[in-house]
There are 2 protein chains.
Amino acid sequence: MSEQYFILAPAGSVLALLFAFYQAKKVLGFSEGNETMRRISGAVRKGAGAYLKRQYTGVSIFFALMFAALGLMSFAGFLTPFVPFAFISGGFFSGLSGFIGMKIATAANARTAQASSESLNKGLRVAFSSGSVMGFTVVGLGLLDLSIWFFLLKYVFYAGLAGNEAAQISKISAAMLTFGMGASSMALFARVGGGIFTKAADVGADLVGKVEAGIPEDDPRNPAVIADNVGDNVGDVAGMGADLYESYVGSIVATIALAVSAGYGFGGAAVPMVMAAVGTVASIIGTFFVRCGEKTDQKSLLMALRKGTYISSILIIAAAFPVIWFFLDCENYPQRIGVYAAVLSGLLAGVLIGFFTEYYTSDTYKPTRELSASSLTGPATIIIGGISLGMLSTLIPVIIVALSVLLSYFASGGGASFSQGLYGVGISAVGMLSTLGITLATDAYGPVADNAGGIAEMSHLPHEVRERTDALDSLGNTTAATGKGFAIGSAALTALALIVAYLDEIKIHKPDFKLDLSIVNPPVLIGLFVGTMLPFLFSSMTMRAVGRAAQSIVEEVRRQFRDIKGLMEGEAEADYAACVDICTKGAQKEMIAPALTGIISPIVVGLALGVNGVAGMLAGATATGFVLAVMMANSGGAWDNAKKHIEAGNFGGKGSDAHKAAVVGDTVGDPFKDTSGPSINILIKLLSMVSIVFAGLVLEFSFL
Amino acid sequence: MSEQYFILAPAGSVLALLFAFYQAKKVLGFSEGNETMRRISGAVRKGAGAYLKRQYTGVSIFFALMFAALGLMSFAGFLTPFVPFAFISGGFFSGLSGFIGMKIATAANARTAQASSESLNKGLRVAFSSGSVMGFTVVGLGLLDLSIWFFLLKYVFYAGLAGNEAAQISKISAAMLTFGMGASSMALFARVGGGIFTKAADVGADLVGKVEAGIPEDDPRNPAVIADNVGDNVGDVAGMGADLYESYVGSIVATIALAVSAGYGFGGAAVPMVMAAVGTVASIIGTFFVRCGEKTDQKSLLMALRKGTYISSILIIAAAFPVIWFFLDCENYPQRIGVYAAVLSGLLAGVLIGFFTEYYTSDTYKPTRELSASSLTGPATIIIGGISLGMLSTLIPVIIVALSVLLSYFASGGGASFSQGLYGVGISAVGMLSTLGITLATDAYGPVADNAGGIAEMSHLPHEVRERTDALDSLGNTTAATGKGFAIGSAALTALALIVAYLDEIKIHKPDFKLDLSIVNPPVLIGLFVGTMLPFLFSSMTMRAVGRAAQSIVEEVRRQFRDIKGLMEGEAEADYAACVDICTKGAQKEMIAPALTGIISPIVVGLALGVNGVAGMLAGATATGFVLAVMMANSGGAWDNAKKHIEAGNFGGKGSDAHKAAVVGDTVGDPFKDTSGPSINILIKLLSMVSIVFAGLVLEFSFL
């Protein structure tokens with residue numbers, strides 16, 4: 001294979017970034033509407049900016065400390081010297097993705113509200129364009145970081161190995177794997193911190209504003225209302241962006257690492273990178289097909305978005321075949337077709353998981369409608385119903401992932417060569433994520449529409465505008481649910497590929513080390529138990545964090561209602577910044593313990609149980625994390641929509657006892673679906689990444 | 001080793017059964033109190049009898065079908081000819097244990113109420129004696145079944161192999177393993193059916209009686225009140241008995257099987273059996289120390305029960321050493337001490353898990369008190385709080401099990417011989433369960449005290465009697481919680497031993513079969529995912545079943561309040577039998593699907609993924625099942641006691657908004673702690689048992 005084709009990756013990156021820039025310009029060209037709208041949007045922007053500034057300051061300290069620690073360890077010879085720098089670069093780009101996504105989202109909210117006052121299609125286009133900025137920034141920066149490191153390592157640091165392809169690529173992939181840890185750490189902080197912020201504000205605003213004071217949602221008299229809108233941006237935009245940045249980069253790097261042991265050489269390494277580049281083009285083309293008429297029903301709107309993702313998928317299906325055929329360095333033709341089948345299975349798995357997420361969480365289907373009906377017998381039954389719905393909903397995604405892994409593995413030659421089979425599994429994750437640009441655009445669109453609805457409400461725009469923003473917002477709930485399913489599915493596949501990359505890493509450190517990964521080997525088994533427990537522990541920590549932060553907000557809102565004269569009468573303005581500040585502080589403080597759990601666990605388990613124990617822990621955490629994340633996301637989504645179903649006039653409608661019960665369900669579901677559930681995705685990848693980086697240390701000092 | 005020592009096992013069995021008989025006579029010698037008490041107790045007895053009759057009829061059909069299926073398979077050569085008979089005998093004895101336990105519990109309830117009117121100590125003695133009947137029946141019948149098969153196989157069926165010890169014991173243990181499947185199936189039906197019955201009645205009685213009609217708990221006007229009392233017996237007595245019967249027998253048989261590959265011969269097989277026999281004696285001695293004064297505070301009462309279990313534990317600690325020293329057929333003296341250490345670690349793990357269960361669920365400690373306080377901000381916060389408390393509470397039990405397994409494994413020589421290490425793990429499970437006689441007695445005591453309280457209420461006994469029965473009942477909640485922790489811990493250890501026994505079984509079927517149990521082997525990994533999902537699916541099914549059955553009860557109770565004239569005024573009697581009948585029918589219908597899930601999953605996974613996949617599934621289901629069961633039991637227990645804490649006058653007391661929120665938590669917790677959670681224990685053992693029995697079939701027909 002001619003090496004010049006690697007240039008396709010940076011080319012794809014530049015294309016994606018240019019497209020993101022073009023979309024950003026387009027969004028900024030729209031009007032921000034009237035004075036009130038500008039003021040509200042400005043407040044949200046300011047709050048989000050303040051939050052990110054504080055978050056990045058805090059995280060910088062963490063990164064500086066880690067850089068020093070990793071530096072010391074490289075100095076002592078446990079890590080290659082690139083690790084500290086790779087760590088920083090991964091964290092930086094992951095954080096930058098979130099930052100840019102949030103900047104544009106907070107700029108687009110009032111513009112979406114204003115555009116909706118002209119036509120539904122225009123509103124959709126603005127919100128979706130803003131989502132695209134995020135989607136293509138993530139893809140572009142991911143490919144950029146990958147490319148920079150790849151070229152630096154290949155042509156500068158390891159140029160001396162140019163004659164020995166296998167050795168060179170093995171070194172390159174080992175070094176590149178470590179920057180995933182930086183991305184994961186950043187993603188975890190963003191997701192956990194953002195998740196805590198958004199739900200503390202949401203729960204706090206609801207508990208005092210809606211329940212105690214009896215004022216409607218998004219009412220400007222509620223001091224937590226701006227914090228609530230800020231929360232949508234920092235949690236669902238910045239957090240989600242950092243999360244998927246990490247999956248995207250992680251799956252590509254892991255597959256490159258697997259290409260080495262599969263014996264595919266640089267051709268095998270090129271496939272994921274080129275496919276990502278091709279996927280970027282496919283995604284860009286897809287975005288041009290997203291448009292709608294004036295029908296505000298969910299089906300037409302969903303179809304408008306779906307058209308774009310479907311077209312992108314079809315394009316990548318067509319393009320992946322020649323890419324694999326051309327680059328895959330093997331004589332065995334059926335095997336190339338098999339690797340192609342792996343790509344298809346990954347794409348299909350992503351679509352199917354998304355569909356079943358929708359099935360279990362949308363009120364157009366039976367499960368959520370039944371859940372809605374269970375609110376008639378009170379809060380206890382809707383809680384039990386939601387939990388059991390979430391648990392039941394794990395069956396099909398597990399089967400989908402199982403079939404996808406099996407198919408990818410055996411089609412890619414796993415029967416004859418273990419490593420080639422696993423390369424297929426890695427490729428299927430890359431396939432699933434290849435259209436990330438547009439998938440993430442449809443997902444990041446949600447919070448913008450949500451904010452737009454809030455702004456329309458707060459600035460008293462005409463009825464039909466609210467109707468349109470409501471329709472856009474509802475659609476956002478559905479895309480958020482499918483987006484979550486997609487994020488979980490890709491995280492599981494990426495984590496699986498990373499586990500294997502971890503084992504490769506051990507071989508590099510100690511080629512003669514004898515692994516005993518048998519599931520009945522006690523360290524493996526015990527690692528499995530510990531890994532199984534970690535997602536539960538982690539979820540508990542994040543839920544408790546939300547509870548504590550929400551409590552502070554409740555007290556602040558109560559204080560303002562009490563102390564600010566004329567607030568309830570609409571004569572004085574609430575101190576929005578105080579609530580934003582409390583959420584910010586709370587989120588910063590509370591994100592530390594869960595994040596440290598993710599980083600410390602693999603090291604402690606490694607020192608106590610050895611590398612076999614770590615492998616067991618990773619497998620246990622990945623399997624349980626996947627199942628628990630699906631459960632929490634779907635329970636939460638179903639409760640949310642069950643409540644909306646009642647608000648639409650069913651089972652007594654707003655204000656009925658059934659509605660009150662459904663509100664309880666929705667409140668329980670909030671941390672499930674927006675804090676704990678999505679954070680688990682990152683946890684399982686971070687655990688693998690940390691294990692990989694500290695493999696040398698563990699090999700040296702572990703007890704077993 | 002002289003073989004005559006095996007006679008100690010049947011001797012222990014006879015002793016246990018005689019002691020159970022003696023205790024039963026003692027209980028029946030007490031007065032049943034006045035006419036009303038006798039009438040109520042009679043109604044409960046009749047309801048429980050009707051339920052068991054129907055359950056055993058239904059289960060008989062299942063057993064007959066399975067007998068035929070297993071018979072056909074033995075005929076075709078996939079199973080040894082003993083399997084169908086062993087299956088039936090395991091099911092029969094497991095069912096008989098539950099039956100006898102329930103007979104005595106329903107005979108003891110009014111007697112406990114009556115005895116409490118004389119003195120607290122007398123009430124405690126009657127209830128505890130009734131619990132002892134159950135405890136020692138389980139132990140006695142378990143040892144009896146084991147002994148019968150052991151002697152039949154050794155001296156009749158495999159007498160021809162007498163010269164070849166290794167071959168003979170290998171055949172014997174393989175045949176004996178299969179009767180665990182009968183016991184597991186029976187236990188699952190009993191636990192799931194009983195759990196559905198009890199919670200449907202409880203929830204139904206509460207929702208209409210307490211919430212809608214506003215009458216107090218245990219009010220005789222509530223048509224579901226007898227069903228509620230029946231439920232305590234069929235769920236917590238018969239179900240728990242069958243569950244622990246299965247753990248007890250399973251751990252002993254698995255350890256015998258492990259003795260073979262460890263090379264310990266009949267001496268190694270004798271250790272678990274003799275230790276069980278010695279444990280029976282220790283338990284009997286312990287029961288004589290259970291007595292209390294007239295102080296109704298929880299601490300004194302708990303101490304009264306604890307004294308008995310502690311003394312039994314000390315006795316077994318003293319006796320286990322000579323047993324191991326004498327029987328263990330190895331020259332290596334330190335290793336015998338190591339196996340002894342394994343016993344100690346098992347005992348200690350049981351005590352510690354019990355203690356931490358109490359810590360997380362009793363309102364004398366911080367977690368439940370904090371949970372109680374979270375009811376002040378409404379039902380949503382107490383639900384989130386309870387779930388995160390349950391999740392957090394999984395950390396320590398996982399570490400306890402991990403350390404116990406590690407210690408047992410390495411102390412017993414796992415560093416040098418894998419099989420000897422695993423034998424140590426099996427022995428630690430046997431150690432944990434050796435004092436089952438008295439542990440189960442303290443546990444089975446609870447429902448009797450609960451029923452006694454109900455009868456005291458319904459028959460309007462004097463205030464101080466209610467105070468005493470309330471104290472006994474409260475104590476029962478604590479012992480139930482620790483009993484659940486114990487049941488879960490022993491189930492996990494037993495299941496681990498069974499996984500290894502499964503692998504031995506495969507070697508017997510196909511000695512040259514090459515297992516690849518590496519955690520990254522795709523079939524293993526996928527099996528792991530499926531296994532991880534199964535406890536979630538299973539819990540969902542059982543929770544939904546409770547919901548449906550409770551719905552029927554709600555409708556029936558509403559109907560009776562509407563149709564029976566004078567019921568609310570206390571002039572007409574409610575149709576109690578109708579509610580019992582509905583619960584019975586509901587439980588029978590609803591227990592089928594979850595039970596079939598447990599039986600079919602290993603076969604389907606085996607056929608699709610092969611034996612490696614089954615091993616992955618078992619490991620995943622055991623780890624996740626353990627964590628999820630702990631979480632559900634502790635969340636449920638904490639909600640229950642948080643409610644009781646408020647009812648004791650804290651945070652506004654009965655009738656306050658905080659109390660209403662706490663009731664929601666308690667209602668959600670009911671199926672958690674009494675249906676889904678405890679059923680998971682049996683699920684994980686049943687999965688292993690079914691895998692073992694069908695290993696030959698899977699080896700023959702699987703795709704992979």
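Within every chain, numbering begins at 1; the chains are lettered A, B, ... in the order of the sequence lines, protein sequences first and strands thereafter.
A:Ser345 and A:Ser408 are linked by a side-chain donor-acceptor pair at a separation below 3.5 angstrom, with hydrogens and angles left out of the test. In the model, A:Thr675 has no side-chain atom that pairs as donor or acceptor with a side-chain atom of A:Thr542 under 3.5 Å.
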Take B:Ser419 and B:Leu258 through the side-chain contact (heavy atoms from CB on, under 4.5 Å) test and state the conclusion after the steps. CA-CA 7 Å; B:Ser419 303; B:Leu258 294 170; over 6 Å; no

Worked check of side-chain contact (heavy atoms from CB on, under 4.5 Å) between A:Leu496 and B:Phe529: CA-CA 11 Å; A:Leu496 291 183; B:Phe529 266 75; 4.0 Å; yes

Can you list the steps and then say if A:Lys673 with A:Met632 is a side-chain contact (heavy atoms from CB on, under 4.5 Å)? CA-CA 6 Å; A:Lys673 73 181 196 305; A:Met632 294 185 100; over 6 Å; no

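Using a distance-only test at 3.5 Å, with no hydrogens or angles considered, no donor-acceptor pair links the side chain of A:Ser404 to the main chain of A:Ile400.
Counting heavy-atom pairs closer than 4.5 Å to chain A, the top residue among B:Ala619, B:Pro522, B:Ala402, B:Gly620 is B:Pro522. Most heavy-atom pairs under 4.5 Å with chain A: of the set B:Asn612, B:Leu525, B:Val546, this distinction falls to B:Leu525. When the candidates A:Ile384, A:Asn521, A:Leu534 are compared by the number of heavy-atom contacts under 4.5 Å with chain B, A:Ile384 comes out ahead. The candidate from B:Val401, B:Thr381, B:Val520, B:Val663 with the greatest count of non-hydrogen atom pairs under 4.5 Å with chain A is B:Val520. Of all the listed residues (B:Leu392, B:Ile499, B:Val425), the one sharing the greatest number of non-hydrogen pairs under 4.5 Å with chain A is B:Leu392. The candidate from A:Ala380, A:Ala608, A:Gly415 with the greatest count of non-hydrogen atom pairs under 4.5 Å with chain B is A:Ala380.
Heavy-atom distances place the side chain of A:Val524, and not its backbone, under 4.5 Å from chain B. Neither the backbone nor the side chain of B:Ser676 comes within contact range of chain A; no heavy atoms are under 4.5 Å apart. Both the backbone and the side chain of B:Leu517 come within contact range of chain A, each with at least one heavy atom under 4.5 Å from a heavy atom of that chain. Heavy-atom distances place both the backbone and the side chain of A:Thr377 under 4.5 Å from chain B. There is no contact between A:Leu618 and chain B, counting heavy-atom distances below 4.5 Å. Of the atoms belonging to A:Leu609, it is side-chain heavy atoms, and not backbone ones, that fall under 4.5 Å from chain B. Residue A:Leu503 touches chain B through its side chain alone, counting heavy-atom pairs closer than 4.5 Å. Heavy-atom distances place no part of A:Phe538 under 4.5 Å from chain B, backbone and side chain included. Interface remark: A:Met541 contributes no atoms to any contact with chain B (heavy atom separation under 4.5 Å). Both the backbone and the side chain of A:Val668 come within less than 4.5 Å of a heavy atom of chain B. For A:Ser374, no part lies under 4.5 angstrom from a heavy atom of chain B. Within the 4.5 angstrom heavy-atom criterion, atoms from both the backbone and the side chain of A:Pro379 approach chain B.
The aromatic rings of B:Phe418 and B:Tyr409 sit perpendicular to each other, their planes meeting at more than 60°, with 30° as the lower class boundary.
Side-chain contact check for A:Met617 versus A:Thr532: every heavy-atom pair is 4.5 Å or farther apart.
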